[in-house]
Structures are given as structure tokens and as C-alpha cells.
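Throughout, numbering of the chain's residues begins at 1 and tracks the sequence. As the structure is a prediction and not an experimental result, all values here were calculated from the model.
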Amino acid sequence: MLHLEVEAAPGRREDFLAFCRRAFPVYESVGGCRMALYEDPAKPGRFFETGYYRTEADYARAERALEADPTQAALIKEWRALLASPPRVSVVRRKAP
């Protein structure tokens, strides 16, 4: 699971939401991934983007696409311009109990 904690730049919350509606289907089109967006109810504009990957190979393929695919590379550039500061990134793996 890829977990990104981000804050939309001041006055850009709606732009950020519109971006995610456009970008998530592109990210998911690589296969093996489902994106979800959560917002902190105590702090509007603070979001948690989560990518759920079926396998580590799916995650690796998606990461390669961010650099190799011009459409995805452009989306990442646009995404960064919507943020108030760099994202906090975590990658975690599910373990059996």
C-alpha cells in the first residue's frame, strides 16, 4: 500500500479534488491498483491518497509508469504544483496476523 499525506496549497482544495478525479483512473489503468482519497475532517485540504496494490510487481510497474509514461509524468508535475509542501510518503506491506 502506498500512502501519501498531502496538503492542498491555499485556495487549491477544489483544484486538487478535480485533479484526483482525473488522475486516479490513469494511475489505475496500469492494472493491479485501486486509488482512494481521504480528507481529514478536522483540517479541510489535508488529504491521504492511498494506492492499494495487488502485488509488489503491480506496485513496481506503476512506479515505472510514473517516469516512463509521458501522461503520468505530466500528472505528477501537475500534482506537485497543487501541494502546499512536499508529500509524506509511506509504503507498507500487509502481513498475515
Side-chain angles (χ1 to χ4, degrees):
M1 180 175 76
L2 172 67
H3 185 75
L4 304 165
E5 182 178 338
V6 300
E7 187 169 340
R12 303 296 308 266
R13 180 182 174 276
E14 293 304 319
D15 295 333
F16 180 81
L17 290 169
F19 169 84
C20 289
R21 283 191 291 275
R22 281 188 303 109
F24 282 13
V26 175
Y27 300 148
E28 292 172 342
S29 72
V30 175
C33 172
R34 182 178 55 85
M35 296 295 299
L37 183 66
Y38 305 91
E39 185 173 18
D40 183 346
K43 188 173 181 184
R46 180 175 177 224
F47 295 96
F48 300 90
E49 293 181 60
T50 304
Y52 297 95
Y53 294 89
R54 265 187 331 196
T55 66
E56 288 191 37
D58 291 328
Y59 173 72
R61 185 176 57 252
E63 286 294 301
R64 284 191 306 272
L66 291 175
E67 295 177 10
D69 176 25
T71 300
Q72 290 203 33
L75 285 171
I76 292 300
K77 186 176 179 180
E78 182 181 350
W79 174 74
R80 287 192 172 118
L82 293 168
L83 303 182
S85 59
R88 293 183 58 191
V89 181
S90 300
V91 176
V92 296
R93 290 178 180 88
R94 185 174 181 176
K95 298 294 183 185

Parallel, tilted or perpendicular: rings of His3 and Phe48 (30°, 60°):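 Parallel, since the angle between the ring planes stays under 30°.
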Hey, any chance [X] and [Y] share a hydrophobic cluster, counting ILVMFWY side chains that come within less than 4.5 Å of each other, even indirectly?
| X | Y | result |
| --- | --- | --- |
| Val89 | Phe19 | yes |
| Tyr59 | Leu75 | yes |
| Ile76 | Leu4 | yes |
| Leu2 | Val6 | yes |

Rounded distance (nearest 0.5 Å) linking atom CD of Glu49 with atom CH2 of Trp79: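 Rounded to the nearest 0.5 Å, the CD-CH2 separation comes to 5.5 Å.
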CG on Leu82 to SG on Cys20, rounded to 0.5 Å: 8.5 Å
Any side-chain to backbone donor/acceptor pair from [X] onto [Y]? Under 3.5 Å, distance only.
| X | Y | result |
| --- | --- | --- |
| Glu28 | Met35 | yes |
| Arg13 | Glu7 | no |
| Arg93 | Met1 | no |
| Asp58 | Thr55 | yes |

CA sep, side-chain torsions, deciding dist, call: Phe47, Phe16, ring pair (Phe, Tyr, Trp, His ring centres under 6.0 Å): CA-CA 10 Å; Phe47 295 96; Phe16 180 81; 4.7 Å; yes
Non-hydrogen atoms of Pro70 and Ala68 that approach each other most closely: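 Looking at all heavy atoms of both residues, the shortest contact is CD-O, 3.4 Å.
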Side chain to side chain, Arg34 and Thr50, heavy atoms closer than 4.5 Å: no
More than 12 heavy atoms of other groups within 6.0 Å of Arg22 CZ: yes
